[in-house]
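Heads up, the thing below is written out as structure tokens.
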2 protein chains.
Amino acid sequence: MPTIQDVAARAGVSVATVSRFLSGQTVRSADAVREAVDALGYRPDVAAQAMRTGRHSAVGVIVPDIGNPFFAAIVKGLAQGIPDGGLHMLLASSEESAQLEARLLADLDSRVDGYVLAPVNEQDRLPLELVRRGVPVVLLDREVDGGEDCDVVLVDNAGGAASAARHLLDLGHRRIGVISGPANTTPGRERREGFLSVLAEHDVVVEPGLDLVGDFLEESGRRLTEQLLALPERPTAIFTANNQMTVGALRALQAASVPVPDEISLIGFDDLTLGGLLQPPLTCVVRDEVRQGRTVMELLVERLGHARLAETPQVPPRRVVLETTLLVRGSTATPRQEA
Amino acid sequence: MPTIQDVAARAGVSVATVSRFLSGQTVRSADAVREAVDALGYRPDVAAQAMRTGRHSAVGVIVPDIGNPFFAAIVKGLAQGIPDGGLHMLLASSEESAQLEARLLADLDSRVDGYVLAPVNEQDRLPLELVRRGVPVVLLDREVDGGEDCDVVLVDNAGGAASAARHLLDLGHRRIGVISGPANTTPGRERREGFLSVLAEHDVVVEPGLDLVGDFLEESGRRLTEQLLALPERPTAIFTANNQMTVGALRALQAASVPVPDEISLIGFDDLTLGGLLQPPLTCVVRDEVRQGRTVMELLVERLGHARLAETPQVPPRRVVLETTLLVRGSTATPRQEA
DNA sequence: ACGTTTTCTGTAAACGATTACAGCAAGGAG
DNA sequence: CTCCTTGCTGTAATCGTTTACAGAAAACGT
């Protein structure tokens with residue numbers, strides 16, 4: 001690996017000149033330096049640069065589960081949002097563990113210029129600590145308590161859930177099961193509230209047995225759906241608040257041989273990889289995950305640019321809420337007429 | 001951020017002692033140093049370490065498409081394979097472009113200790129250049145020409161495809177469409193060959209119009225399936241060589257209202273995220289993607305350990321082939337009796 | 001008590017870049 | 001022709017570690 005010394009020697013100038021040339025300053029011997037750089041195939045040593053300047057041209061990305069196709073799509077978007085060259089992504093998976101998240105953050109601390117975080121829960125204080133230290137952070141899909149100072153890119157959880165509720169009401173459903181996520185996560189809370197508030201507006205009561213809280217994982221979707229099916233009076237429709245719980249619900253319904261949508265309608269928040277190929281195709285509230293990831297990275301890159309100029313505090317925190325769309329396919333229908 | 005200097009000052013020793021303590025050597029003033037480290041919350045600066053030692057405690061991961069759930073599962077496995085702490089993953093997506101791949105490799109060059117690569121094609125020379133320079137590399141799911149010197153973790157492509165072929169033959173199919181991947185990729189080539197060789201053994205001929213080569217993307221699966229459906233004499237079964245082309249095939253079959261498996265049986269290599277929830281559930285050749293990822297990372301970590309001791313050449317290259325399993329679900333059946 | 005070996009310590013030199021500083025050349029104004 | 005300004009340049013300090021080297025302290029045998 002040639003160093004800047006080698007380039008300087010070959011070009012017959014000092015290292016300072018080479019460095020300046022590379023950072024875009026005008027230099028008398030530009031041609032000679034360019035030639036030397038090309039001939040030697042010189043590339044600056046990132047570690048040395050980082051040590052001297054404190055900037056690493058890398059960002060840390062911590063998602064709760066990289067194996068989840070939803071986050072895979074998000075990460076794809078993040079990658080797209082990275083400008084031309086030189087900026088890199090350090091990816092880690094917190095496996096929904098606050099402890100692991102804390103360790104990962106500590107490990108990444110001296111290697112990145114900023115973070116993309118999907119915090120484990122809203123009580124998570126770590127993101128705010130970072131922000132207070134002046135580290136650029138953009139939250140992904142989840143907010144944290146008191147996190148007004150922090151950039152965040154959400155989707156319209158309440159609005160999307162509300163549109164799902166309206167859709168079911170329009171079809172004539174009045175007895176609806178709700179499987180939401182943890183109340184201390186943004187999507188868990190907002191989707192439940194958005195859904196229930198629309199029902200309340202239309203004087204539809206959701207009794208406790210129909211208002212269930214899961215953990216966003218497939219297994220809980222399955223279990224809670226079974227619970228709904230075991231009720232003396234089953235709901236005519238079910239709303240599941242995320243993709244994995246929707247899968248669980250599908251499994252439970254299939255296992256119990258409940259015809260969808262004839263017997264029970266199902267509507268989910270977020271699409272499944274093959275949602276349109278299912279029989280029936282899944283009706284759901286969708287969003288553009290790749291775009292969401294791209295937006296997150298764009299915000300972060302912008303903030304990194306400012307941090308470079310030491311004007312972090314000046315940039316006001318931004319809260320981007322992306323739209324959702326109700327995608328009506330085949331898993332919802334008018335409720336069966338009971339005797 | 002406290003430096004090693006601060007720790008040394010507080011503990012009343014020299015920086016050398018602190019450094020030695022941290023690297024596990026016995027030190028007279030261990031207690032004092034430990035106290036200072038804890039009290040100050042000292043963490044070594046990775047950039048400085050990297051610059052001094054040349055080791056970055058990071059590996060580069062380049063996959064063709066991180067948005068593909070298959071690679072997401074692989075990456076999950078990679079993350080699991082990382083030992084306790086300090087080693088990180090720089091993730092990048094080559095988008096199946098050799099050019100981008102080259103650029104990414106160049107960018108990552110001075111930041112990582114080793115690579116996990118899923119090369120764009122088998123003619124790709126970059127991985128071997130790295131190996132020749134003594135850089136630890138483990139190939140993922142795809143080999144490269146002349147890459148005998150390189151660790152690689154594959155699945156039994158030929159064997160898996162062969163089991164699919166036998167399954168179709170057992171059911172009585174004789175007119176079978178094959179949609180394989182690019183001949184210059186390992187999975188593309190091996191799966192086609194494995195499949196066809198079994199047919200050949202049983203004297204089943206696959207005429208040119210039934211032996212199609214796609215590009216592993218959904219769209220090509222769709223288009224080639226349409227092509228098969230347009231034949232004067234349609235096949236009674238179709239084999240698709242990867243997950244995305246299977247999705248394309250499903251779409252085409254559904255669009256043409258071809259009942260599966262009654263009219264045409266479908267079998268794919270690799271499962272789909274919801275393969276079991278489809279109607280009919282998909283019959284396919286499956287593997288454990290997470291395990292494959294984990295294995296890759298374990299090989300790499302091992303090689304990194306040896307590189308540290310400057311004995312890279314001594315470690316012979318390893319070629320791990322993971323098993324596949326034929327998962328018979330509902331998308332294959334005996335061919336319809338023709339008049 | 002003394003020499004010898006062993007173990008630990010501190011000093012200082014790297015690693016490869018950026019940049020403050022001071023110096024020098026070129027160009028313009030008088 | 002001199003002086004001042006402008007624009008580049010090179011020297012050297014610096015970032016935070018690790019580690020070769022040499023020297024001091026401890027441990028040991030006699």
Side-chain angles (χ1 to χ4, degrees), chain A residues 1-34 36-37 40-58 85-88 106-113 307-310, chain B residues 1-34 36-37 40-58 86 88 106-113 307-310:
Chain A
M1 285 289 100
T3 75
I4 200 172
Q5 292 279 359
D6 304 327
V7 177
R10 171 163 183 138
V13 296
S14 77
V15 292
T17 301
V18 177
S19 176
R20 287 195 260 258
F21 168 78
L22 290 169
S23 66
Q25 303 182 41
T26 52
V27 148
R28 217 130 28 211
S29 42
D31 291 347
V33 178
R34 201 188 337 270
V37 167
L40 299 174
Y42 168 75
R43 316 210 85 214
D45 181 308
V46 198
Q49 280 181 318
M51 144 123 107
R52 176 64 228 243
T53 63
R55 289 189 295 100
H56 303 79
S57 47
L87 186 60
H88 291 277
D107 284 351
L108 288 177
D109 207 63
S110 70
R111 358 187 71 196
V112 300
D113 302 321
R308 193 160 310 173
L309 307 169
Chain B
M1 285 288 101
T3 76
I4 200 172
Q5 291 278 1
D6 304 326
V7 178
R10 173 165 181 136
V13 298
S14 78
V15 293
T17 303
V18 177
S19 176
R20 286 195 261 259
F21 168 79
L22 290 169
S23 67
Q25 303 182 39
T26 52
V27 148
R28 213 111 53 197
S29 43
D31 291 345
V33 177
R34 201 189 337 269
V37 167
L40 298 175
Y42 168 75
R43 318 209 82 214
D45 180 308
V46 199
Q49 280 181 319
M51 144 121 110
R52 176 64 228 241
T53 63
R55 290 190 295 98
H56 302 79
S57 48
H88 291 276
D107 283 351
L108 289 177
D109 206 64
S110 69
R111 356 187 75 200
V112 300
D113 302 320
R308 196 159 310 173
L309 306 169

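Every chain is numbered from 1 and lettered A, B, ... according to where its sequence line falls, protein lines coming before strand lines.
- When side chains are defined from C-beta on, H56(A) does not count as touching V46(B), because their heavy atoms never get closer than 4.5 Å.
- When the shell of 6.0 Å around CD of Q25(B) is examined, it contains more than 12 heavy atoms from other residues, nucleotides or ligands.
- Rounded to the nearest 0.5 Å, atoms CE (M1(A)) and CG (L40(A)) are 10.5 Å apart.
- Within the 4.0 Å cut-off from OP1 or OP2 of dC8(D), at least one side-chain nitrogen or oxygen of T26(A) is found.
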Exercise. Taking protein heavy atoms under 4.0 Å as touching, what does nucleotides 15-23 of chain D look like 5' to 3' if B marks base contact, S marks sugar-phosphate-only contact and - marks none?
Worked result: BBBBBB---
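- A heavy-atom distance below 4.5 Å is not found between the side chains of R10(A) and V7(A).
- Checked by atom type and distance alone, the side chain of S19(A) never pairs as donor or acceptor with a backbone atom of V15(A) at under 3.5 Å.
- A side-chain donor-acceptor contact under 3.5 Å links R43(B) to the backbone of A106(A).
- No contact: S110(B) has no heavy atom under 4.0 Å from any strand.
- At the heavy-atom level, V13(A) lies under 4.0 Å from the strands shown only through sugar-phosphate atoms.
- Rounding to the nearest 0.5 Å places CE of M51(A) at 7.5 Å from CG of D45(B).
- Rounded to 10 degrees, the angle separating the terminal helix axes of the helix from dA1(C)-dT30(D) to dG30(C)-dC1(D), each built from five base pairs, is 40°.
- In this structure, the separation between CD1 on I4(A) and CD on Q49(A) is 8.5 Å, given to the nearest 0.5 Å.
- Rounded to whole Å, atom P of dA17(C) lies 14 Å from atom CZ of R111(B).
- Here the P atom of nucleotide dA17(C) and the CZ atom of R55(A) are 15 Å apart, to the nearest Å.
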